[in-house]
A.B. asks: 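Below you will find the structure I want to go over with you.
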Amino acid sequence: MLEPATATTATTATPDGAAGDATWWRQAVVYQVYPRSFADSNGDGTGDLPGLTARVPHLAHLGVDAVWLSPFYPSELADGGYDVADHRDVDPRIGTLEQFDELVAALHGAGIKLIVDIVPNHSSDRHPWFRQALAAAPGSPERERYVFRRGRGEHGELPPSDWTAAFGGPAWEHVGDGEWYLHLFAPEQPDWNWANPEVREDHLRTLRFWADRGVDGFRIDVAHALTKDMSLPLPTAAELAADDLPDGAHRLFDREEVHEVYREWRRLFDSYDPPRTAVAEAWVPAHRRSRYASPDGLGQAFNFDLLRSAFDACSFRAVVEENLALAARAGSSSTWVLSNHDVVRHATRYALPDGADEEAWLLSGGTEPPADHERGLRRARAATAFVLALPGSTYLYQGEELGLPEVADLPAGALQDPTWVRSGGTRKGRDGCRVPLPWKASGTSFGFGPGPAHLPQPGWYADFAADAQDGDPASTLEFYRRALARRARLRCAEDLEWVEGTPEGVVAFRRPGGWTCATNFGTEPVPLPAGRVVLSSGPIGETLLGGETTVWLEDEAGAAR
């Protein structure tokens, strides 16, 4: 018999955050749409806003509370849309502002909120302000909007430092007059100078622009990297990598003054009724995450700890305990993420042998080591049911409701991610999780659009198509629909209490209202806990909980509600 632990882990006493009140985001299920790969309405191979609007019924049937829309702004696609040329417009290949308004209306009409991506660390090199900066002289006001520095050497012919960009290669680009500009990512993504008041005011203008169009919240890209200490002398890469720096003192990342920016943003968000929400993508140590998630800051921050964790009982429980405590400290709610547009899909990660090198697997075209896709999907469904039962908000990535694996064998000529070129072919990049979705089991692009897709889709996509899974109770799509419907019915206060005395490899916790989540991370069946099963990630017996399976159970009091 499983007994609840006497201690209770509480994140907050805040009410359940049901959709419609100012705290709807606290326990929301948010679905990430990577627009260029979601649905194509006109056959040009690129997903667009009308295609997304036409699929709102799919999202409503799925049962999500909100959509996070990845960048849809004008872009040369040097980094999948995260090189933004105009932060207050729509890329013509994706749609128009009028079609954006139609999307907002369709989502709101279906009871779904909209969160849009804001990319504040850098712009595109096609941004009008950057083009002005290149045309202007060193030391000009135009260049002060970005991070320009004189190069080393007699004529400035050497970069100002030996820093390396995230996608590989140097982090500085020469402009021909002795000056270089900083780009922490691709050369086409020059970094803004956040010490410049014009930059700060322009981003406030951008936030107002989208909030006034009905956007409910914002996902802040690279939220930890805006403010930088660029005073001379610049440190070397080795000095930057030193691990003995005090919190908030790194030259480029997670500096204390970045929170001055977000306090100003919070005042803007709170001027709306209801207040606009925000969530930070901040790659910082766990104990620093609460600074971004504070009520006077962005309000919530991603934790990617489960995304980086092995499918392991001890690891999952430790991640949950730590992040619930951090959320309580911030006065926020935690976030749970298993997949997104930057990582190998979790149905595939769990299919690889524990400890496998994902980069090497991608470079092999998905052949070495062999992936056990049946096991990967079984684990993925169990992990999804686990996170959906937790207090806090869950972020789903498009296609995971279909059980999509990673497309690992994309040919080199089709790759679009700058990582592939910038790394000299040593890192394949993120295209495998961005292949356009299969809506139908047949057709030129499996229902993605009237013509071919911008990334090649494998033939096995037919088995994962939405129409092939619709109505099949054993399908992953129907499992997600059941899980989100049960979650909505069982939504409760943001507390949990661990159930102790479980068999080895089993993690169980109780939620207010009389229901329990139990996950068997092992491979052998264990006794099924007491209660009425209301959700199972896979087949179970009358008395046994199978391996790599999650169940939700209601006790008699909860079932009578």
Side-chain angles (χ1 to χ4, degrees), residues 30-40 44-53 66-97 99-101 103-104 107 113-130 166-167 183-186 188-192 202-203 205-207 209-211 213-223 225-226 276 278-282 298 302 339-343 395 397-399 416-419 429-431 433-437 454-455:
V30 184
Y31 182 99
Q32 182 190 358
V33 169
Y34 185 74
R36 289 173 172 82
S37 296
F38 190 72
D40 171 22
D44 67 357
T46 297
D48 48 39
L49 297 184
L52 171 53
T53 301
V67 163
W68 154 26
L69 184 59
S70 290
F72 52 91
Y73 314 109
S75 171
E76 292 301 309
L77 302 182
D79 180 22
Y82 283 86
D83 49 311
V84 180
D86 185 344
H87 293 71
R88 296 187 288 274
D89 203 355
V90 177
D91 191 310
R93 291 164 291 188
I94 290 181
T96 64
L97 283 171
Q99 289 169 336
F100 179 86
D101 294 339
L103 171 63
V104 173
L107 288 169
K113 309 287 188 182
L114 178 61
I115 297 168
V116 298
D117 233 314
I118 294 294
V119 187
N121 179 70
H122 46 262
S123 76
S124 165
D125 62 351
R126 303 299 182 93
H127 192 286
W129 278 10
F130 189 72
F167 296 142
H183 58 88
L184 293 184
F185 294 89
E188 297 87 353
Q189 295 170 290
D191 280 38
W192 292 110
D202 193 64
H203 279 78
R205 190 177 303 120
T206 293
L207 294 169
F209 180 87
W210 296 111
R213 296 193 94 92
V215 164
D216 302 285
F218 302 92
R219 179 262 188 187
I220 312 304
D221 185 63
V222 197
L226 275 58
R276 298 314 190 236
V279 58
E281 182 206 30
L298 294 175
F302 282 124
S339 282
N340 62 32
H341 65 295
D342 283 332
V343 299
Y395 284 75
Y397 179 52
Q398 65 178 43
Q416 301 171 5
D417 191 334
T419 301
R430 301 159 292 177
D431 292 306
C433 68
R434 300 177 179 184
V435 175
L437 298 189
H454 68 92
L455 281 168

A.B. asks: Would you check if there is a donor-acceptor pair between the side chains of His341 and Gln398 at a distance under 3.5 Å?
C.D. replies: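 Side chains of Gln398 and His341: no pair found under 3.5 Å.
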
A.B. asks: According to side chain to side chain donor-acceptor pair (under 3.5 Å), who are the partners of Asp431, at least two apart in sequence or on a separate chain?
C.D. replies: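 Testing Asp431 for side chain to side chain donor-acceptor pair (under 3.5 Å), a comparison that skips the adjacent residues, returns none.
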
A.B. asks: To the nearest 0.5 angstrom, please state how far the CG atom of Asp191 sits from the CG atom of Leu184.
C.D. replies: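 Those atoms lie 4.0 Å apart.
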
A.B. asks: Kindly determine whether Arg93 and Asp40 satisfy salt bridge (Lys or Arg N to Asp or Glu O under 4.0 Å), including the steps that lead there.
C.D. replies: CA-CA 10 Å; Arg93 291 164 291 188; Asp40 171 22; over 6 Å; no

A.B. asks: Taking all atoms of both residues into account, what is the closest heavy-atom pair of Ser123 and Trp192, and its distance?
C.D. replies: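 Ser123 and Trp192 have their closest heavy atoms at CB-CZ2, 3.4 Å.
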
A.B. asks: Quick one: list whatever passes side chain to side chain donor-acceptor pair (under 3.5 Å) with Thr53, sequence neighbours left out.
C.D. replies: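 Applying side chain to side chain donor-acceptor pair (under 3.5 Å) to Thr53 gives none.
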
A.B. asks: Can you tell me which residue among Asp216, Val215, Val67, Val30 is in a side-chain contact (heavy atoms from CB on, under 4.5 Å) with Ile115?
C.D. replies: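 That would be Val30; it is the only one of Asp216, Val215, Val67, Val30 passing the side-chain contact (heavy atoms from CB on, under 4.5 Å) with Ile115.
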
A.B. asks: What heavy-atom pair brings Ser37 and His454 nearest, and what distance separates the two atoms?
C.D. replies: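 Reported closest heavy-atom pair: OG-NE2, 3.0 Å.
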
A.B. asks: How many angstroms lie between CG in Leu52 and CG in Leu103, if you round to the nearest 0.5 Å?
C.D. replies: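 These two atoms lie 4.5 Å from each other.
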
A.B. asks: With respect to Trp68, which candidate in Phe302, Phe38, Tyr397 satisfies the ring pair (Phe, Tyr, Trp, His ring centres under 6.0 Å) definition?
C.D. replies: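 For Trp68, the ring pair (Phe, Tyr, Trp, His ring centres under 6.0 Å) test succeeds with only one of Phe302, Phe38, Tyr397, which is Phe302.
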
A.B. asks: Please list, chain by chain and in numerical order, all residues satisfying side chain to side chain donor-acceptor pair (under 3.5 Å) with Asp83, sequence neighbours excluded.
C.D. replies: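 In terms of side chain to side chain donor-acceptor pair (under 3.5 Å), with neighbours along the sequence ignored, Asp83 is linked to Ser75.
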
A.B. asks: State plainly whether the residues Asp101 and Arg213 are in salt-bridge range, i.e. N to O under 4.0 Å.
C.D. replies: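 Salt bridge between Asp101 and Arg213, a charged N being under 4.0 Å from a carboxylate O: yes.
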
A.B. asks: Tell me if a side-chain donor or acceptor on Asp89 pairs with a main-chain N or O of Leu97 at a distance below 3.5 Å.
C.D. replies: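 Absent.
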
A.B. asks: Ala166: which residues meet the side chain to side chain contact (heavy atoms under 4.5 Å, CB included) condition with it, sequence neighbours left out?
C.D. replies: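 Phe185.
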
A.B. asks: Between Val279 and Ile220, is there a side-chain heavy-atom distance shorter than 4.5 Å?
C.D. replies: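 SC-SC contact between Ile220 and Val279 ruled out.
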
A.B. asks: List for me each residue that meets salt bridge (Lys or Arg N to Asp or Glu O under 4.0 Å) alongside Glu188, sequence neighbours excluded, and say none if there are none.
C.D. replies: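 Listed in chain order: nothing, the list is empty.
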
A.B. asks: Taking all non-hydrogen atoms of both residues, which atom of Ala186 and which atom of Phe167 are closest, and how far apart?
C.D. replies: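 Nearest pair, atom of Ala186 first, then Phe167: N-CD1, 3.6 Å.
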
A.B. asks: Mind checking what makes salt bridge (Lys or Arg N to Asp or Glu O under 4.0 Å) contact with Asp125, not counting sequence neighbours?
C.D. replies: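 With neighbours one apart ignored, the set is empty.
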
A.B. asks: So which atom in Ser124 and which in Phe130 form the shortest heavy-atom distance, rounded to 0.1 Å?
C.D. replies: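 So the two residues come closest at O-CB, 4.1 Å.
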
A.B. asks: With side chains defined as the heavy atoms from C-beta onward, is the minimum distance between Tyr73 and Ile118 less than 4.5 Å?
C.D. replies: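 With C-beta onward as the side chain, the pair touches.
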
A.B. asks: Is there a salt bridge (Lys or Arg N to Asp or Glu O under 4.0 Å) between Asp91 and Arg36? Walk through the geometry before answering.
C.D. replies: CA-CA 11 Å; Asp91 191 310; Arg36 289 173 172 82; 3.4 Å; yes

A.B. asks: Does Arg219 have any salt bridge (Lys or Arg N to Asp or Glu O under 4.0 Å) partners at least two apart in sequence or in another chain, and if so, which?
C.D. replies: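 Expected list: Asp117, Asp221, Glu281.
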
A.B. asks: With Ala39, which residues qualify under side chain to side chain contact (heavy atoms under 4.5 Å, CB included), at least two apart?
C.D. replies: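 Testing Ala39 for side chain to side chain contact (heavy atoms under 4.5 Å, CB included), a comparison that skips the adjacent residues, returns Arg55, Trp439.
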
A.B. asks: Do Arg276 and Phe218 have side chains that get closer than 4.5 Å, going by heavy atoms?
C.D. replies: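 A side-chain contact exists here, since the closest heavy-atom pair is under 4.5 Å.
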
A.B. asks: Heavy atoms only: give me the nearest Asn340-Cys433 pair and the separation to one decimal.
C.D. replies: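 Looks like O-SG, 3.7 Å.
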
A.B. asks: Just jot down the salt bridge (Lys or Arg N to Asp or Glu O under 4.0 Å) partners of Arg430, sequence neighbours excluded, or say none.
C.D. replies: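 Arg430: salt bridge (Lys or Arg N to Asp or Glu O under 4.0 Å) contacts with Asp79, Asp342, Asp417.
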
A.B. asks: Could you pull out all residues at least two apart from Phe72 that satisfy ring-ring contact (aromatic ring centres under 6.0 Å, His included)?
C.D. replies: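 Phe72: ring-ring contact (aromatic ring centres under 6.0 Å, His included) contacts with Phe100, Trp210.
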
A.B. asks: Just jot down the side chain to side chain donor-acceptor pair (under 3.5 Å) partners of His122, sequence neighbours excluded, or say none.
C.D. replies: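 His122 satisfies side chain to side chain donor-acceptor pair (under 3.5 Å) with Gln189 only.
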
A.B. asks: List the residues meeting ring-ring contact (aromatic ring centres under 6.0 Å, His included) with His87, not counting sequence neighbours, and say none if there are none.
C.D. replies: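 His87: ring-ring contact (aromatic ring centres under 6.0 Å, His included) contacts with His127, His203.
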
A.B. asks: Hey, is the main chain of Pro92 close enough, under 3.5 Å, to the side chain of Thr96 for a donor-acceptor pair?
C.D. replies: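 Looks like no, no N/O pair under 3.5 Å.
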
A.B. asks: Restricting to non-hydrogen atoms, name the atom on Leu77 and the atom on Gly81 that form the minimum distance, rounded to 0.1 Å.
C.D. replies: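 Taking every non-hydrogen atom into account, CD2-N, 3.7 Å.
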
